Every structure is written in C-alpha cells, then in structure tokens.
Amino acid sequence: MPTDQPADRNLALELTRVTEAAAIAAAKWQGRGDKNSVDQAAVDAMRHMLSTVDVDGTVIIGEGEKDEAPMLFNGEVVGNGRDPKMDIAVDPVDGTRLSALGMPGALAVIAMADRGSMYAPGSLVYMSKIAVGEEAKGMVDINAPVAHNLEQVARAKGKDVDEVTAVILDRPRNEETIKEVRAAGGRIALIGDGDISGAIATAIGDSGIDILLGIGGSPEAVTAACAMAALHGEIQCKLWPRDESERQYAMEHGLDLDQVLTTRDLVDSDNTFFAATGVTSSSFLRGIRFYGNRVETHSVVMRSQSGTVRYIETAHHLDWLDEARVID
C-alpha cells in the first residue's frame, strides 16, 4: 500500500509519549483492586496526549466494547487533525486486572497504520490465534493440529518438541488447547491476561516463548499484528463467535468465520507503528517506578517500514506530569 508518510519521521517515537502517559496514570492505581479506575485513568491520559500528536487518526480498534470499560471508542477521531491520516489501535492498559491486582505483565499499548489498512472485527471480540517469530514464519497453520504446529516450530528452531514453550491465556475456553500441547509433549506458559505481549514474546529472541496458541481478544490480535509486522513474525487468526447471536452478526456484516486472517489481513500496510510502555513489570518491559518526585518508564517502539525496534528508558518529573494533566 503506498504511503505519503515521510521516510524520516517515526510516528512511533511520538506515540511513546502517549503510552508513557497512560502507563503512569494507570500505575497510580496499581494494586488497589479497582480495575475501572485503572482503565479510566489510562484512557483519560492517553486521549489527552493523543490530542498533541501531529496526526489525523481514527480509532479502529478500541477496548471498551469488550471490557465494558471507559473507551477510546471505535470511530473516535484523535490527534490534532494534521496529516498523515492513520488508523489507530489502542489498548490503554492491556491487562487492567493485572494492574489492579498488582500482578506483573500489564502494558499501555498503541499502534498505527495507514488509513484504511486495519481489520475491523466489530462486535466479534474473540479470535482463535497462533503466532510465531521469524524463524518459524510460514511453517505453521492455524487449521492444523496443535502437535503438528509444535513440531514445525521445533524443526524451525532446531529444538525437540519438549523444548518448545507455548504461551496460552489461562481461560476455560483454552482447556482443549492446553491438553493438546501437553499431550504432544510441549511446555506451557499460562498467562492471566495480556496476549499482545504474549504474541510479541514469540518474536523476541530471549523471551523463552516459541509460540502463542489459543483464543484471545480480537482487538489485541490487530494491535499485535502491527508489532509482528515490524518484528518479521507471523500471526494467524480466525474469528471465534461466543454464541448464535454472534454467528448471526458475522453473517449480517459479511465476516467470514472460516477465513484465516494473516498478519497482512489484520493490517494491510508496510508502514505500521507500535509503542508500548510497561505498567507492571514483566520479562518484556519493566513497570512504572516512582522515586519521590520522579517516575521512570520503560518502553518499546517499533516501525515496520524500517524494521527498527527501540527500547526507551525515560525519567519524568511528577510536577510536569501534573501540569500537563497526565496525572493528578
């Protein structure tokens, strides 16, 4: 897809300020057991900082519909209205429950791609997924048995199957997948939330994760695809309706439940941007750290056009964050 984005402007670097603000605001509520306040604080900070970015953006992927939480809603126009025109996927906190309980692995996430390039799943908020890093790209098939895909990843990475680790959301809907991995002899890393970071982990060399399997959020799939495009990994998905009403919704809106959605189907652009900041610490990113009147953030920035992945450590002054209305 052609783009009029200047080659020397990396929007993801500008988006880091957005995820930093959301992560800091969410971290003020860490461990207090109030998931809605975590989400509200992150949404408010993200929306405010997005208004300062030179972009004419439309939110294609928001989180509110699935979580029944305060939204950056689908169709909302964000940015200051200047070019370039971009599709936006937001997850002010991927892992609001983790943050509310003070558990590891919560991230503030945003992704962008050229206007008209992001897949919109509408009200179908879950997808069956498989994701792998560059070594196993092109060797897995979401329609194949779990054992076959584990063998393919093992072959690609020069391992035995019993050395392959699959990351899976710990949900009842994934019990069968968990059984199949165990029956095949693979290892499992169960996560409570946060399958954006789970997908990305498959493409990060030192993560210890080889493949993502199971059913997770549709918004997270599109957001993760923007990162996987920069990491040269692969994600495949299929819409997963929860009931007959969602099957009817798919039929009425022309959504093919049998279609295998590739990375390119999820984001049809060579110009994707991804930024994430840790809210609570994980093997991927450190969480927010408060030191008196100073706060430190740890972020990752990716761009598919250049294939760059940057890690950014930033020290912020709380007085400035208060004046900038990032936190109260």
Side-chain angles (χ1 to χ4, degrees), residues 10-31 37-53 55 57 59 61-63 72 78 88-100 102-112 191 193-201 203-204 207 219-220 223-224 226-227 230-231 272-291 294-303 308-318 320-322 324-327:
N10 189 342
L11 265 171
L13 292 171
E14 300 172 48
L15 296 180
T16 305
R17 295 189 299 115
V18 176
T19 57
E20 287 173 346
I24 292 168
K28 296 290 286 185
W29 291 90
Q30 180 180 330
S37 291
V38 169
D39 227 8
Q40 184 70 69
V43 166
D44 290 345
M46 181 170 277
R47 179 179 280 119
H48 173 66
M49 291 304 290
L50 267 172
S51 69
T52 70
V53 178
V55 69
V59 176
I61 299 295
E63 265 293 282
L72 275 159
V78 295
I88 299 180
V90 297
D91 201 338
V93 182
D94 179 32
T96 49
R97 186 183 67 88
L98 299 177
S99 186
M103 298 173 67
L107 304 173
V109 177
I110 189 168
M112 285 191 182
I191 54 175
D193 292 285
D195 62 342
I196 292 177
S197 58
I200 292 171
I204 302 294
S207 70
E220 290 85 349
T223 307
C226 292
L231 293 166
T272 68
F273 303 90
F274 177 92
T277 301
V279 179
T280 58
S281 292
S282 67
S283 58
F284 181 36
L285 292 171
R286 291 194 308 275
I288 299 298
R289 297 181 180 180
F290 292 97
Y291 300 97
R294 193 178 86 253
V295 59
E296 293 183 356
T297 58
H298 188 210
S299 305
V300 65
V301 179
M302 306 180 192
R303 184 186 188 187
T308 50
V309 179
R310 294 179 171 91
Y311 289 90
I312 300 174
E313 299 179 4
T314 309
H316 309 260
H317 203 278
L318 285 176
W320 183 90
L321 293 171
D322 187 19
R325 295 175 25 213
V326 173
I327 61 171

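Position 1 is the first residue of the sequence; numbering continues from there. On a predicted model such as this, the values are computed, not experimentally measured, just so you know. Excluded from the calculations below are hydrogen atoms, water molecules and symmetry mates; all remaining heavy atoms, backbone and side chain alike, are included.
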task: Report the residue from Thr314, Thr19, Thr277 that forms a side-chain hydrogen bond (donor to acceptor under 3.5 Å, both in side chains) with Ser299.
output: Thr277
Backbone N/O of His48 and side chain of Thr52: donor-acceptor pair under 3.5 Å: no
- line: When every non-hydrogen atom of Val93 is compared with those of Ala42, the smallest separation belongs to CG2-CB, 3.5 Å
statement: The single option from Val301, Leu231, Val300, Leu15 that satisfies side-chain contact (heavy atoms from CB on, under 4.5 Å) with Phe274 is Val300
- prompt: Counting N and O atoms only, with roles assigned by atom type, does the side chain of Thr280 sit under 3.5 Å from a partner on the main chain of Gly105, one being a donor and the other an acceptor?
  reply: yes
query: Tell me, do Val78 and Met46 make a side-chain contact under 4.5 Å, heavy atoms counted?
result: no
- request: Determine, stepwise, if the pair Thr297 / Ile288 fulfils side-chain contact (heavy atoms from CB on, under 4.5 Å).
  value: CA-CA 5 Å; Thr297 58; Ile288 299 298; 3.4 Å; yes
statement: Smallest heavy-atom separation, Val279 atom then Ala26 atom, equals CG1-CB, 4.1 Å
task: Decide side-chain contact (heavy atoms from CB on, under 4.5 Å) for Asp44 and Gln40; before the verdict, give the C-alpha distance in whole Å, the side-chain angles of both, and the deciding distance to 0.1 Å.
output: CA-CA 6 Å; Asp44 290 345; Gln40 184 70 69; 2.9 Å; yes
query: Who are the salt bridge (charged side-chain N to carboxylate O under 4.0 Å, His left out) partners of Asp193, not counting sequence neighbours?
result: Arg97, Arg171
From Cys226 atom SG to Ile200 atom CD1, the distance as rounded to the nearest 0.5 Å: 10.0 Å
message: Show, in sequence, the C-alpha distance, side-chain angles and deciding distance for Phe273 and Ile110, and conclude whether the side-chain contact (heavy atoms from CB on, under 4.5 Å) test is met.
response: CA-CA 8 Å; Phe273 303 90; Ile110 189 168; over 6 Å; no
- prompt: Are side-chain heavy atoms of Arg17 and Val53 found at a separation under 4.5 Å?
  reply: yes
message: Whether Arg286 and Glu313 form a salt bridge (side-chain N of Lys/Arg under 4.0 Å from carboxylate O of Asp/Glu) is what I want to check.
response: yes
query: What is the distance from atom CG of Leu107 to atom CG of Leu285, rounded to the nearest 0.5 Å?
result: 6.0 Å
task: Output, in order, the C-alpha distance, side-chain angles, deciding distance and verdict of side-chain contact (heavy atoms from CB on, under 4.5 Å) for Glu220 and Val109.
output: CA-CA 10 Å; Glu220 290 85 349; Val109 177; over 6 Å; no
